[in-house]
Engineer: 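Here's a structure for you.
Lettering follows sequence order; numbering is per chain, from 1. Hydrogens, waters and symmetry mates are skipped; everything else that's a heavy atom, side chains included, is used.
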Amino acid sequence: MSSLLALLSKDLLLEWRERARSLSVLLFAVVTLLLFSFALGPDVETLREATPGVLVLALLLSSTLALNESFRLEREDRALEGLVMRPVSLTALFYAKASANALLLTFLGPVVVALAVVFYSLEIDVATMTRLVGLWCLGAAGLAAPGTLYAAMTSRLKSQDVALPLLLFPLVVPVLLASVKAMGLVLTGDAMNQLRSWLTLLLAFDIIYWSVCGLLFRFAVEEGE
Amino acid sequence: MNIRKLLVLAGLGLAAVGTYFGLFVAPPERHMGDVQRIMYVHVPSAWIAMLLYTLAFGFAIALLWSGRQKWDDLMVGAIEVGVVLNALLLVQGSLWGRATWGVWWDWDVRLTTSLVMAILFAGVLVLRRMAPNEERRSQWSAVATVVAFIDVPLVYFCVRWWRSLHQIQSSPDTVDPAMVLPLRLNSFGLLFLALAWMLWRAAIERSSRRASEVPLPTRVAIEESAHA
Amino acid sequence: MAVWLKGPNGSGKTTLLRMLATLSTPSCGTLEIFGLDVGRQREAIRHGVSLVSHSLYLYPGLTARETLVLWGRLGGVVLEPESVVAALDVVGLADVGDRRVGGFSAGMRKRLALARARIESPRLLLLDEPFSALDDSGCRLVQSWVREFVEQGGTVMLASHDPERATPICDWRVDLAAGQIVGLDRGAGR
Amino acid sequence: MNRDRRRRILGITLGLGVAIAAFGYLAFSSVGENLVYYWSPAELRAEGAKATGSIVRLGGLVEAGSISRDPDGLTLSFSVTDGEASVPVLARAVPPAMFREGIGVVLEGQMGSDGTFTTERLMVKHDNEYQAPGEEEMPDMENLIETLQVGDGSP
C-alpha cells in the first residue's frame, strides 16, 4: 500500500513536471471536438445531438495518447526493470499507474465539457455539466484500467501507436456505449428513468476491469523487462 | 486411429445426417419458411464459437497458472477456430437477418457484441504476431484472452438485458420437436469437427515450437541432410 | 567476497549478471541464490540483490534527492533528509541534489545509481561495468566501496574490462568465453 | 515465502470475487430491463412532444386489420400497438417476408407532429419460437423469394 502511494505520487509528480506533455493530451481532446464540429457541419441541432458521442470519442482518442506516454517514461531508462528489482509489487505498480492515468484523463473532463458547451452552443446549467463531468470520469476510469494493462504490453513494441488502439478499442465498447447513453440521457432528459441503469452498467464494468486487469498485470510485465 | 481422425469422422457423420434432416425432413418454419433452416448452422456456430472461446479462456488460465507452453498451443487452436466460426456466425446471421428482419446489419446489442467478440479474439491473434519472444507471446496472448473473454457472457446475456432485435435464446420448449433433432445433430457434428481442428492446430503449433527450440547448428545439419 | 567476471564481448557476463538478478531465467539447469530457486522464489531473492547495469533505471524528471527518497519508500524505508544528503555526499552529488536527473552527465547518473544501490543495502551486489563513464575519483570510490561492502560480509560480482581497477579489489577472477567458464583464479591483487 | 503465496491467492480470490460479483449483479438484477433499445407505442406517446422530430425507434405488434398497401406498392400503412396504445405508421420500405398482422416490428423513423410515425427502416422482430406450419399455412415461398431479390437501398 505504501509503495502504491509512493508510485502514484511519483507518476503525478512526473506528470506535473512534464506539463507540456499532459497539455498536448488536452490539446488533442480539444482538436477532436473541433474536428467533429467541422465534420458534422454548422447545424447546431446536429452537433447537440452528437455531443455525447463526440465527448466519449475525445476521451477515447486522448486516452491512447496518454496511455502510450505513461509507459514511455518507464521504458526510457528501463526504470520499470528497476522497480521490478526493488522489488515492488506488480499489483501496486498497476493500481498506481492506472490511477495516475485515470486522474490525468479526469482532469481533462471539466475543460473538455466546458469547451463542448461553448463550441456546440449547449444550453445547460451547472448541475448538468457536473453530471457530464462525472460520467466522463467514470468513463475515464473504465478506459484507464484495461488501457494501462495493454499499454504495458504494447509499450515494448515498435508499433505501439497502432497496436494499443487496435487492441483497446473493441475491449472498451461496453464502457463507451454506457457512457454515451448516459451522457445522452443527461443532456436530452431522462423520461423513462434509464440513467440509473446505464450508470450501474458503467460502474459494474469499471469494477470488472479494475479487478480483472489488476490480476493480469503481473503477466503483462514480468522479469526480463 | 487417433482421436483427431475419430473426431473428424464422427463430426462429418453427424453433420451429414443433421444437414439431411435439417434440409429435407424438418418442416419449414411457420412464418419464416425455408429461410429458417439456416438456424441449423447458425445456432451451432454460435454455440461452438462461444464454447471454443470458453476453452481458450480455460487454457489461458492454465497457462498463467502453470507457465507451461502446451496450453499456449491449445489456446491458439481454440481461438483461431473460434474466430473462424464467429466470422461465419456473423455472415449467416446477416443473411438470416435480411430475410426475416429486413436488414443485413443492425447495430443491435447482440450483433454488436458478437462483432466485438470476433474483433477482440482476432486482436489476440494480432498481438501474438507482435510479441517480441515466445514467452512474452504466450503470456500476452493469455492475458488478452482473459480480458477478451469478458465479452462472451455479455454476448450471451445481452438479449435478456436489452430489448434487442435479436430474439432471446430458444430452448427445446420453444422449438418444434422436429427441428430440435437436426439442430442437435449439427451441433455435435460441428463440436467434433471444431475440436479436431483445434487439436490439429495445436499440434502444428507444438511442432513449430519444437522446431524453433532445436539449436541452430543441429537445425542446419538437419536441413543439409534433408537437401542431400 | 568479490568476484570479477572477465571475458571478451559476448562471453556472457551481462547475461550471467542478469540471471543472478533474476531478470532472466536460465534456459536449462537450475540456479539458486541464498538457497532460493530463481525460477520460483524471485521476489524473495530480489529483496537481497541490487544491480547497477548499463540501464540505470533513472527518471529524468525527478531530482537526485527525489530518486533516492522514492527508492527508499518503495523498499518500505522512510529516509531522513540528512541520510539522503549523506548518501549523495558520498558519491559527490550533494551540490546537485535538487537538480533533475535529466540534466546529469553520464558519470553523474552512474554515481546516483551507485548511491541508490547503496541505500538498498543488498546482500549481493551486481555491478555491470561499474567503471565505465566514471572519472578517476569515481572509480576509486567504487573500489573503496566494494572493499567496504565485502568486509561487512556482502558479496560483489562485477563484470569489467578494466583489469587495473578490477584486479586489486577482487578475491576471485572468473574467466568467461562463449558462455562457458574457462578459468577460475585467485585474484592477482589479493 | 508461504506467506507471499497465501497473500497472492487471497488477492486472486478477492479480485475474481469482485469481478464475478459485479457480473452477477448485472446478470441477475433488473438493470437490463430498463436499458431500452426501442420504445413501445405507449412509451412513445408518453414522451409526447419530446419524441417528435428526432430519429427514434418504435417497437410493437402490427395491429390486426390495420395493414393497407398503397397502389404504387411503395408505401405501406399500418398501426403498431402494445396493447395500451397504438401508433399509426407510414412505411416506405419493402417489408420482409415475415411481415404480417400480429407480428413484432421495430421501426426506425420520426414521429410527425400529426401523430403518424414515418419510417424507411422496417425490421421484423422474431421471438424465440420456431414452429412447423399448421395444416393450411404453408409459407408463401414466392413472396419470400421476391423479398430476397429486391434491393431496397437499405445498408
Engineer: For residues A/E76 and C/P60, report the shortest heavy-atom separation together with the two atoms involved.
Structural biologist: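 Closest heavy-atom pair between A/E76 and C/P60: OE1-CG, 3.2 Å.
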Engineer: Rounded at 0.5 Å granularity, tell me how far CG in A/L14 sits from CD in C/E66.
Structural biologist: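 Between atom CG of A/L14 and atom CD of C/E66 there are 8.5 Å.
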Engineer: More than 12 foreign heavy atoms under 6.0 Å from CZ of A/F107: is that the case here?
Structural biologist: no
Engineer: With a sphere of 6.0 Å drawn around CD of C/Q180, does it hold more than 12 non-hydrogen atoms of other residues, nucleotides or ligands?
Structural biologist: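 Not buried by this count: 12 neighbours or fewer within 6.0 Å.
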Engineer: Using the side chain to side chain donor-acceptor pair (under 3.5 Å) definition, which of the options A/R78, A/E81, A/R86 pairs with C/Y57?
Structural biologist: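 With C/Y57 as partner, A/R78, A/E81, A/R86 yield a single side chain to side chain donor-acceptor pair (under 3.5 Å), made by A/E81.
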Engineer: Using the side chain to side chain contact (heavy atoms under 4.5 Å, CB included) rule, take C/L74 and A/K10 through it: C-alpha gap first, then chi angles, then the decisive distance, then the call.
Structural biologist: CA-CA 11 Å; C/L74 292 180; A/K10 180 260 306 178; over 6 Å; no
Engineer: Between C/L58 and A/D77, which heavy-atom pair has the shortest distance, and what is it?
Structural biologist: N-OD2, 3.0 Å
Engineer: C/T22 and A/M85: which non-hydrogen atoms are nearest, and at how many Å?
Structural biologist: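 It is OG1-SD, 4.4 Å.
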Engineer: Within a 6.0 Å radius of atom CZ on A/R21, are there more than 12 heavy atoms belonging to other residues, nucleotides or ligands?
Structural biologist: yes
Engineer: Can you pull the side chain to side chain donor-acceptor pair (under 3.5 Å) pairs that have at least one residue in residues 54-64 of chain A, sequence neighbours excluded?
Structural biologist: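 Every pair satisfying side chain to side chain donor-acceptor pair (under 3.5 Å) with a residue in residues 54-64 of chain A: there are none.
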Engineer: I'd like to verify something: which residue of C/V69, C/I45, C/L70 has the highest number of heavy-atom pairs under 4.5 Å with chain A?
Structural biologist: C/L70
Engineer: To the nearest 0.5 Å, tell me how far C/R100 CZ sits from A/R17 CZ.
Structural biologist: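 Atom-to-atom, C/R100:CZ and A/R17:CZ are 4.5 Å apart.
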Engineer: Evaluate whether atom CG of A/L34 has more than 12 neighbouring non-hydrogen atoms of other residues, nucleotides or ligands under 6.0 angstrom away.
Structural biologist: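 Counting other residues, nucleotides and ligands, CG of A/L34 exceeds 12 neighbours.
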Engineer: Which heavy atom of A/V84 sits nearest to which heavy atom of C/R46, and what is that distance?
Structural biologist: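 Looks like CG1-NH1, 3.0 Å.
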Engineer: Which bit of A/L83 is near chain C, if near means a heavy-atom gap under 4.5 Å: side chain, backbone, both or neither?
Structural biologist: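 For A/L83, backbone and side chain are both near chain C.
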Engineer: Ignoring hydrogens, what is the shortest heavy-atom contact between A/L5 and C/R73? Give both atom names and the distance.
Structural biologist: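 Here A/L5 and C/R73 meet closest at C-NH2, 3.9 Å.
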